[in-house]
2 protein chains.
Amino acid sequence: MLGRMGLSIGQVAERTGLSVHALRFYEKEGILAHQVHRGPGGRRVYTQQDVDWLRMCIMLRMSGMPVPEIRRYTELVRQGDGNELQRLDILKEHQERVRQQMVQLQDCLDLITHKVGIYQDYVNSIAAKAVGQ
Amino acid sequence: MLGRMGLSIGQVAERTGLSVHALRFYEKEGILAHQVHRGPGGRRVYTQQDVDWLRMCIMLRMSGMPVPEIRRYTELVRQGDGNELQRLDILKEHQERVRQQMVQLQDCLDLITHKVGIYQDYVNSIAAKAVGQ
DNA sequence: CTACGAACTAGAGCCGCCTCTAGGTCAAGA
DNA sequence: TCTTGACCTAGAGGCGGCTCTAGTTCGTAG
């Protein structure tokens, strides 16, 4: 049961939506800000902070930040104070990429919506004819 | 030189931004609405319509539609009139996915922007201190 | 002639990101 | 005692989407 603050890998999987496989993979990839503590039998014991960190990583991944870049960011955080400017650079760069991504996506959406409109009108007109006869 | 309407694979690559490899790959995957005509020596000859179609496919891909689904859509178009409702379904479904994607992306962007703000303030305050001394 | 550039085919290879397997430990419950 | 289930490690495997290789065939330019 791990005491009130400790979470098993399964519980973290539930809470984050990641698979236990993915959690171990992320750890191996150096994507955890603080080394995961081990309980009896060598089992991982996560804290709420780990879960919070993972949730942020999930946001970064979802928005397309590659694993190696998340690792670089994580390493800076692990190193501690003094590199805030570098962290800021990574975040700003990513922010810009996400903005561009959204613009692109909006263009795609406009095209799709345009085509949906055309097909919808066509399908409606066919249906109207069928009723008319 | 291919006559005024015919384009070589290289020209289409230039015009679409796809690689010639990708163009052959897309064709093999059944992602061309009309069979590509072949010129002397078995070389592909594309029309402007092919380019237009490819540009739409690129939009679908960019917005995350998987190749197999683009193929299904393409097949419907190849079959000709009568299946507009099915085409509409595919487009609407994708439209919805893109919308959700944008919402997600906006959430990510909000988080990132929030963090950028925090780091920016911090970095500014450090800079201010340095000036003050 | 020869040599270049651009095209061709079939199929292998690569990258990113997990996902799964094999073989094992351990604790609690029937 | 035996089984079940959650966990462990190391490493193989899979998937989507290209990308590249090998070995040719052309047509034009030097």
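Computation of the quantities below employed the complete heavy-atom set of this structure, encompassing side-chain atoms and omitting hydrogens, waters and symmetry-equivalent molecules. Throughout, protein chains are lettered first and strands after them, A, B, ... in sequence-line order, and every chain is numbered starting at 1.
- The closest donor-acceptor contact from the side chain of A/Arg15 to the backbone of A/Gly10 lies at 3.5 Å or more, if one exists at all.
- Using a 4.0 Å cutoff on non-hydrogen atoms, no part of residues 90-109 of chain B comes near DNA chain D.
- Residue pairs meeting the side chain to side chain donor-acceptor pair (under 3.5 Å) criterion with at least one member in residues 27-39 of chain A, sequence neighbours excluded, are A/Glu27-A/Arg38, A/Glu27-A/Arg44, A/Glu29-A/Arg71.
- A donor-acceptor contact shorter than 3.5 Å links the side chain of B/Arg78 to the backbone of B/Leu32.
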*Per-nucleotide protein contact string for nucleotides 24-29 of chain D, where B marks a base within reach and S marks sugar-phosphate only (heavy atoms under 4.0 Å, - for neither)*: --B---
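- The only option from B/Arg55, B/Gln48, B/Gln49 that meets the side-chain hydrogen bond (donor to acceptor under 3.5 Å, both in side chains) definition with B/Asp52 turns out to be B/Gln48.
- For A/Glu14, there are no side-chain hydrogen bond (donor to acceptor under 3.5 Å, both in side chains) partners at least two apart in sequence or on another chain.
- No single ILVMFWY cluster, assembled from side-chain heavy atoms under 4.5 Å apart, contains both A/Leu76 and B/Ile118.
- At distances below 3.5 Å, at least one donor-acceptor pair connects side-chain atoms of A/Asp50 with backbone N or O atoms of A/Thr47.
- Under the rule for a side-chain hydrogen bond (donor to acceptor under 3.5 Å, both in side chains), the partners of B/Arg87 that lie at least two apart in sequence or sit in another chain are A/Tyr119, B/Asn83.
- In this structure, the side-chain contact (heavy atoms from CB on, under 4.5 Å) partners of A/Val123, at least two apart in sequence or on a different chain, are B/Glu84, B/Leu85, B/Leu88.
- Here the shortest heavy-atom pairing between A/Ala13 and A/Leu23 reads N-CD1, 3.6 Å.
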Please output the side-chain donor-acceptor pairs of residues 109-117 of chain A that fall under 3.5 Å, not counting sequence neighbours, one pair per line with the distance.
{"residue": "A/Asp110", "atom": "OD1", "partner": "A/Gln106", "partner atom": "NE2", "Å": "3.0"}
{"residue": "A/Thr113", "atom": "OG1", "partner": "A/Leu109", "partner atom": "O", "Å": "2.8"}
{"residue": "A/Thr113", "atom": "OG1", "partner": "B/Gln95", "partner atom": "NE2", "Å": "3.0"}

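- Rounded to an integer number of Å, the gap from NE2 of B/His21 to C1' of D/dC18 is 10 Å.
- In the 5' to 3' direction, nucleotides of DNA chain C lying under 4.0 Å from heavy atoms of chain A begin and end at C/dC17 to C/dC26.
- A/Ser8 has no side-chain polar atom (N or O) that falls below the 4.0 Å cut-off from OP1 or OP2 of D/dA6.
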*Per-nucleotide protein contact string for nucleotides 9-16 of chain D (B base, S sugar-phosphate only, - none; heavy atom under 4.0 Å)*: B-B-----
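- With the end axes of the helix from C/dC1-D/dG30 to C/dA30-D/dT1 each set by five pairs, the angle from one to the other reads 30° at 10° resolution.
- Not a single side-chain hydrogen bond (donor to acceptor under 3.5 Å, both in side chains) links B/Gln101 to another residue, sequence neighbours left out.
- The stretch residues 59-70 of chain A participates, sequence neighbours left out, in these side chain to side chain donor-acceptor pair (under 3.5 Å) pairs: A/Ser63-A/His94, A/Glu69-A/Arg97.
- Ion pair B/Arg72/B/Glu75 not flagged as a salt bridge, since none of the NZ, NE, NH1 or NH2 atoms sits closer than 4.0 Å to an Asp/Glu carboxylate oxygen.
- Cluster membership check: B/Val77 shares its hydrophobic cluster with B/Ile31, using side-chain heavy-atom separations under 4.5 Å among Ile, Leu, Val, Met, Phe, Trp and Tyr.
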